[in-house]
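Shown next, in structure tokens, is the structure this report addresses.
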Amino acid sequence: MKNHFVELPVVTGEGEFRARYSEKGLAGLSFPERRRPNGRKDISAAWGTAAGHGQLNRWHRLTQAALNRVLAGRAPGRLPPLDWSGATAFQKSVWRELLKLAPGVTRSYGQIAAAIGRPRAVRAVGGACGANPIPVLVPCHRVLAANQKLGGFSAGLAWKRKLLAREGVNGLSAE
DNA sequence: GACAGATGAAGGA
DNA sequence: TCCTTCATCTGTC
């Protein structure tokens, strides 16, 4: 069967993110781009039923609230259902572990690897973080390399640094 | 299968 | 302390 995706803008103080929804929940989140956003797509055409439309609006409100809270350095609170279909079991276990991290709490790739029972899969954890379709809400920015180095970030280290600073994490090594 | 990667640890200068 | 090298594990092509 074919999955329908709907992309909606999420307005925050940091710019306009774009949330992508499937019929199962939030499937992706993109950082603000330089280009002017397209705005809202035709929801009714993509979504079909009125019930789905109402559900989408509910999810989107949750996403907006959660995103703004995280950007303010607070816990996201209630999240919409996350659609991780297509992800591997390993990636999901990494992302589930990330969801447990409170704001301001950081872990190294090695610690995440150990937490999911694969202490030597550190590089694979990095790969899973990079494959994370829902940055910010799945806080891959709270994963640092050893020695508090920044490591990497799919959307750019500037975002990672900014997000961590909002949560009160300072003193990061320049990397 | 081969290869690359958002790592980490160890060893040498 | 910094730099280089290598072991390790998973995902992707």
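In what follows, chains are A, B, ... by sequence order, proteins preceding strands, each numbered from 1.
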Can you list everything that forms a side-chain contact (heavy atoms from CB on, under 4.5 Å) with [X]? Sequence neighbours excluded, please.
| X | answer |
| --- | --- |
| Ala115(A) | Glu97(A) |
| Pro103(A) | Ala75(A), Arg142(A), Glu167(A) |
| Val105(A) | Leu101(A), Ala102(A), Arg107(A) |
| Arg123(A) | none |

**OP:** Applying ring-ring contact (aromatic ring centres under 6.0 Å, His included), name anything that partners Trp95(A), two or more places apart in sequence or on another chain.
**Re:** Trp84(A)

Original post:
Can you name the ring-ring contact (aromatic ring centres under 6.0 Å, His included) partners of Tyr109(A), sequence neighbours left out?
Top reply: none

Original post:
Which heavy atom in Glu14(A) sits nearest to a heavy atom in Trp159(A), and how many Å separate them?
Top reply: CB-CH2, 3.7 Å

Original post:
Going by heavy atoms in the side chains, are Leu79(A) and Leu99(A) under 4.5 Å from each other?
Top reply: yes

**OP:** Summarise protein proximity over nucleotides 8-13 of chain C in one line of letters, 5' to 3': B for base, S for sugar-phosphate only, - for none, counting protein heavy atoms closer than 4.0 Å.
**Re:** BSSSS-

Subject >> Dot-bracket notation for DNA chain C, counting Watson-Crick and G-U pairs under 3.5 Å, with | for partners on another strand >> reply: |||||||.|||||

Subject >> ring pair (Phe, Tyr, Trp, His ring centres under 6.0 Å) contacts in which one or both residues fall within residues 127-150 of chain A, not counting sequence neighbours >> reply: none

Original post:
After noting the C-alpha distance and the side-chain angles of Cys140(A) and Leu98(A), does the key distance pass the side chain to side chain contact (heavy atoms under 4.5 Å, CB included) rule?
Top reply: CA-CA 7 Å; Cys140(A) 50; Leu98(A) 296 184; 4.1 Å; yes

Donor-acceptor under 3.5 Å ([X] side chain, [Y] main chain):
| X | Y | value |
| --- | --- | --- |
| Lys162(A) | Leu71(A) | no |
| Asp83(A) | Ser85(A) | yes |
| Gln64(A) | Arg61(A) | no |

**OP:** Would you jot down, in residue-number order, the residues of residues 135-142 of chain A having a non-hydrogen atom under 4.0 Å from DNA chain C?
**Re:** none

Original post:
Among residues 100-109 of chain A, which contact DNA chain C at a heavy-atom distance under 4.0 Å?
Top reply: none

**OP:** For the residue pair Phe31(A) and Phe17(A), categorise the inter-ring angle as parallel (less than 30°), tilted (30 to 60°) or perpendicular (more than 60°).
**Re:** tilted

Original post:
If you walk 5' to 3' along DNA chain B, what is the first nucleotide with an atom under 4.0 Å of a heavy atom in chain A, and what is the last?
Top reply: dG5(B) to dG8(B)

Original post:
Side chains of Thr12(A) and Asn68(A): is there a donor and an acceptor less than 3.5 Å apart?
Top reply: no

